[in-house]
Amino acid sequence: QVQLVESGGGLVQAGGSLRLSCAASGRTFSTSAMGWFRQAPGKERDFVATISWNGRSTYYADSVKGRFTVSRDDAKSTVYLQMNSLKPEDTAVYYCAARRTAIISQSLHDYDYWGQGTQVTVSS
């Protein structure tokens, strides 16, 4: 089992930055691919970014490429999402997710564990 707890969300002006953290508990974190997803009100949960078990492979949604960076610190069992140049359309609840496997994926259906989410609101 893996438990995930996100933090770092908040209210920020357009153009600003936030760093989300996702603390994981469980023995399998270091061998798990991790992902970030987001869900705006009335919309489906969308893929944002994913990182492989060793951090060597990452992949981003086109909408955040060049602005967001995903990273992980296995010593702290934590995955991060650095968000720069934020836009109002980035407003959503952001979720951290973990796979049982080491391979990255953009599909939310491939993730086995989910955090409770953290709200990010970007004002114009």
Side-chain angles (χ1 to χ4, degrees):
Q1 282 282 1
V2 175
Q3 292 185 326
L4 305 172
V5 179
E6 302 98 333
S7 61
L11 173 64
V12 64
Q13 289 188 333
S17 298
L18 282 175
R19 188 177 80 157
L20 304 183
S21 299
C22 173
S25 62
R27 297 180 299 169
T28 61
F29 176 81
S30 62
T31 60
S32 298
M34 302 293 294
W36 286 97
F37 293 79
R38 67 186 181 186
Q39 188 167 19
K43 296 189 176 181
E44 295 182 348
R45 191 170 298 188
D46 291 331
F47 166 75
V48 175
T50 181
I51 185 166
S52 62
W53 70 279
N54 58 5
R56 293 178 183 174
S57 295
T58 58
Y59 192 78
Y60 299 91
D62 288 343
S63 58
V64 306
K65 202 170 295 182
R67 300 188 298 122
F68 291 11
T69 302
V70 60
S71 61
R72 63 190 297 159
D73 184 340
D74 286 351
K76 296 181 179 180
S77 296
T78 300
V79 64
Y80 303 97
L81 185 68
Q82 178 66 44
M83 306 186 295
N84 299 328
S85 302
L86 283 161
K87 305 174 181 180
E89 50 264 44
D90 294 319
T91 295
V93 176
Y94 283 71
Y95 296 91
C96 173
R99 298 195 70 189
R100 290 196 185 100
T101 73
I103 303 171
I104 60 175
S105 173
Q106 303 172 61
S107 173
L108 62 87
H109 302 292
D110 288 338
Y111 287 80
D112 304 291
Y113 306 102
W114 292 85
Q116 83 289 350
T118 185
Q119 176 71 46
V120 171
T121 303
V122 184
S123 63
S124 58

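Excluded from the calculations below are hydrogen atoms, water molecules and symmetry mates; all remaining heavy atoms, backbone and side chain alike, are included.
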- prompt: Does the R72 side chain pair with the main chain of A33, one donor and one acceptor, at a distance under 3.5 Å?
  reply: no
message: Please find the pair of heavy atoms, one from M34 and one from C22, that lie closest to each other, and give the distance.
response: CE-SG, 4.4 Å
query: Quick one: CD on Q13 to OG on S124, what's the gap to the nearest 0.5 Å?
result: 9.5 Å
- request: Please report the shortest heavy-atom distance between T78 and S21, naming the atom on each side.
  value: CG2-CB, 4.2 Å
message: For T118, is there any backbone N or O sitting under 3.5 Å from a side-chain donor or acceptor partner on E6?
response: no
task: Might you point out which heavy atoms bring I104 and I51 nearest each other, and give the distance in Å?
output: CG2-C, 3.3 Å
task: Assess whether atom NZ of K65 is packed by more than 12 heavy atoms of other residues, nucleotides or ligands within 6.0 Å.
output: yes
- request: Indicate the atoms forming the closest heavy-atom contact of V79 with C96, along with that distance.
  value: CG1-SG, 3.8 Å
Linked, directly or transitively: Y60 and L86 (ILVMFWY side chains, under 4.5 Å): yes
- prompt: Are the side chain of S77 and the backbone N or O of A23 linked by a donor-acceptor pair below 3.5 Å?
  reply: no
- request: Taking all non-hydrogen atoms of both residues into account, name the closest pair between Y80 and D73 and its distance.
  value: CE1-CB, 4.0 Å
field: L11 atom CG, over 12 foreign heavy atoms within 6.0 Å
entry: yes
message: Is there a continuous path of hydrophobic side-chain contacts, each under 4.5 Å between heavy atoms, that joins F68 to Y59?
response: no
statement: Nearest heavy-atom approach of S105 to D110 is OG-OD2, 2.6 Å
query: Within the distance-only criterion (no hydrogens, no angle test), does the side chain of R67 pair as donor or acceptor with the backbone N or O of S85 below 3.5 angstrom?
result: yes
message: For residues F47 and V64: do they belong to one hydrophobic cluster (side chain heavy atoms under 4.5 Å, members Ile, Leu, Val, Met, Phe, Trp, Tyr)?
response: no
Residue Q3 excluded, over 12 heavy atoms near CD under 6.0 Å: no
query: Of Y111, Y95, Y94, which is the lone residue that meets ring-ring contact (aromatic ring centres under 6.0 Å, His included) with F37?
result: Y111
